[in-house]
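The block underneath contains the structure these notes are about, expressed in structure tokens.
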Protein chains: 2
Amino acid sequence: MTSDDAQPRATMSATRGREGAEMTQIEAPRPRFAQIADILRDRIQRGVHAPGSPLPSEPELSREFGVSRVTINRAVGLLRTEGLVQVRRGKGAFVRPIPVITRVATQRHGARDKGRGAYDVETRRVGLEPSWTASVERVPASELTAGLLNVAVGAELVVRRRKYFANGVPTQIADTYLVSELAEKAGVTEENTGPGGTYSRLADIGRGPIHFTEEISFCSAIAAEATFLDMEPNQAVFEILFVASDREHRPVAVTRHIMAGHQWRLRYEWTDEPEGGSE
Amino acid sequence: MTSDDAQPRATMSATRGREGAEMTQIEAPRPRFAQIADILRDRIQRGVHAPGSPLPSEPELSREFGVSRVTINRAVGLLRTEGLVQVRRGKGAFVRPIPVITRVATQRHGARDKGRGAYDVETRRVGLEPSWTASVERVPASELTAGLLNVAVGAELVVRRRKYFANGVPTQIADTYLVSELAEKAGVTEENTGPGGTYSRLADIGRGPIHFTEEISFCSAIAAEATFLDMEPNQAVFEILFVASDREHRPVAVTRHIMAGHQWRLRYEWTDEPEGGSE
DNA sequence: CAGTGGTCTAGACCACCAC
DNA sequence: TGGTGGTCTAGACCACTGC
């Protein structure tokens, strides 16, 4: 290959050598929209566009880079699915403040954080102000929840729905499902469950969970949830299915967490005592 | 609001009532490309387009739905970032076979799977044939690895790079970093580390890891990794930072896993013995 | 009303693939 | 050579925002 570095061929009509004002040069091999995304991403990270502040408008960027607005739109689209930028209709594209929150699953329940919930601790650790809303409903068990709770599909469940915020910004949805009968016995059918929350009430009646499993998977944001989480279309979310079981390994509660991918870091810690010593 | 359900206004020029052949009707409120993506997604899930088979070509779909090719391209783009579809240049867009692999982190090391590696087990469980490649290099510690291994930036590390496949399809990258000195002592500077792998060799010299932490975060696929993983641009990946520490809580090995989001489900299991009984 | 982004089209050129 | 998808433009209309 002699022409390895083969002349980028300035074909596409827009490598027009305009030089009015601050035009930024875009080369050919990598798609323009990707290169522009790279540049904007870099500017954001360098603080040229501070968190919360708007990017230049699409027509402006279009002029700066000498490409059509559609191309700009596509570049910004990349940053949106990455969670770096959020668009507010009619207003502009804004740099998202993304202090990543770390969730240490294996510490959330054990300590049962006297007085403070796990979310509270996680959020304050990065200097954010936590808040949430809660509501309780009764629903029939879906195939999924029925399977996890080991009851028949359609069985009555109590679902405790919570929405979490950090500095007023939505960060997470968590729906906890319990079999109605158990929820009533434990007295967690009202919004307020008392000190220590649902798990403490379950412990009170001897059904305190001690075995936990979590399954993390991906999905693209589903309409309703995406809307609440202020997510961009197409942005990825973590879905966590959390199952808490009592001493006899009977599942007592299932929680489904939905959280915007880029806002969270998930942490797990554990120890394996080697049974037979080290060989 | 009297006009709550306000007439979708069939404005955009393309609600043209063409009826030649098998044209599928597209309504207005939701973007056309999103609706088309919904339809195609549904067809895939119903098996109309079987795993491994191609979607109809863009011009074909363009005719079917009565929209421009660009719109089709955008619809397919959604399916690509969701991991449902993979495009092979010049050939077409193919339905990705996605048997999701479940990785149970908390079981991977404890059992130290006599004879079989954790990946092997995980993959075969869903009926896939595992394979991998490995190589060993020496690199200076980056800020990240240095911090995690508690050495100076630039210190010499041995990195064991592995690439994993299932049925020949790339699924995961895993790079394990060890301080060179330790790696030499443990004898894991060659590709073959003997039965039980690196951790067993570390155990042999009394540095067997028993404390583990994992941190999961998101990233959009980085060029090189995305290429290897056969990923679509823009598709989300899990990054797992895994730290193994010995009895004295000294970190001995750090592994960075990169895996395509839609191919994996991550599972964790643990037990919290309540120290003071259940109140 | 002007400004923002959201979507869509038609037409174009490109790179890659298979024949 | 003809088919596939990848990218880009220009022009257009839309909805939402704020003045």
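Lettering of chains follows the sequences in order, A, B, ..., and the numbering in each one begins at 1.
- Distance A:F94 CZ to D:dC16 P: 17 Å, rounded to the nearest Å.
- Between the side chains of B:R32 and B:T71, not a single donor N or O lies within less than 3.5 Å of an accepting N or O.
- In the model, B:S131 has no side-chain atom that pairs as donor or acceptor with a side-chain atom of B:Y164 under 3.5 Å.
- Checking A:R265 against B:S217 by side-chain atom types alone, no donor-acceptor pair falls below 3.5 Å.
- Closest to the side chain of A:V87, out of C:dT9, C:dG6, D:dC8, is C:dG6.
- Phosphate proximity of D:dC16 to A:R88: absent, as no side-chain N or O sits under 4.0 Å from OP1 or OP2.
- Between B:A34 and A:G92, the residue whose closest nucleotide on DNA chain C is further toward the 5' end is A:G92.
- Among C:dG6, C:dT9, D:dA10, the nucleotide with an atom closest to any side-chain atom of B:V67 is C:dT9.
- In this entry the distance linking CG of B:L61 with C1' of C:dT9 reads 17 Å, nearest Å.
- Atom CZ in A:R69 sits roughly 13 Å away from atom P in D:dG11 (whole-Å rounding).
- Here D:dT7 is the nucleotide among D:dT7, C:dC8, D:dG6 with the atom lying nearest to any side-chain atom of A:P31.
- Between B:Q86 atom CD and C:dC17 atom P the separation is 13 Å, expressed in whole Å.
- One atom, CG of B:N73, and another, P of C:dC8, lie 13 Å apart when rounded to the nearest Å.
- Of all nucleotides listed (D:dG6, D:dT9, C:dC8), D:dG6 comes nearest to the side chain of B:E58.
- Using a 4.0 Å heavy-atom criterion, one finds that A:P59 contacts the sugar-phosphate atoms exclusively.
- Taking the nucleotide of DNA chain D with the nearest heavy atom to each of B:E60 and A:T71, the more 5' of the two is matched to B:E60.
- With no hydrogens or angles considered, a side-chain donor-acceptor pair links B:R162 and B:T176 at under 3.5 Å.
- At least one side-chain nitrogen or oxygen of B:R80 sits closer than 4.0 Å to the OP1 or OP2 atom of D:dG6.
- In this structure D:dG5 sits in a base pair with C:dC14, meeting the Watson-Crick or G-U test at under 3.5 Å.
- A:H262 contributes a side-chain N or O that, together with a main-chain N or O of A:E82, makes up a donor-acceptor pair within less than 3.5 Å.
- Atom CZ of B:R89 and atom P of C:dC17 are 8 Å apart (whole Å).
- The distance between atom CD1 of A:I72 and atom C1' of C:dG6, rounded to the nearest whole Å, is 15 Å.
- Computed from coordinates, the A:R32 CZ to D:dA10 P distance equals 11 Å when rounded to whole Å.
- At least one side-chain nitrogen or oxygen of B:K91 sits closer than 4.0 Å to the OP1 or OP2 atom of C:dA18.
- Here B:S57 does not reach the OP1 or OP2 of D:dG3: none of its side-chain N or O atoms lies under 4.0 Å away.
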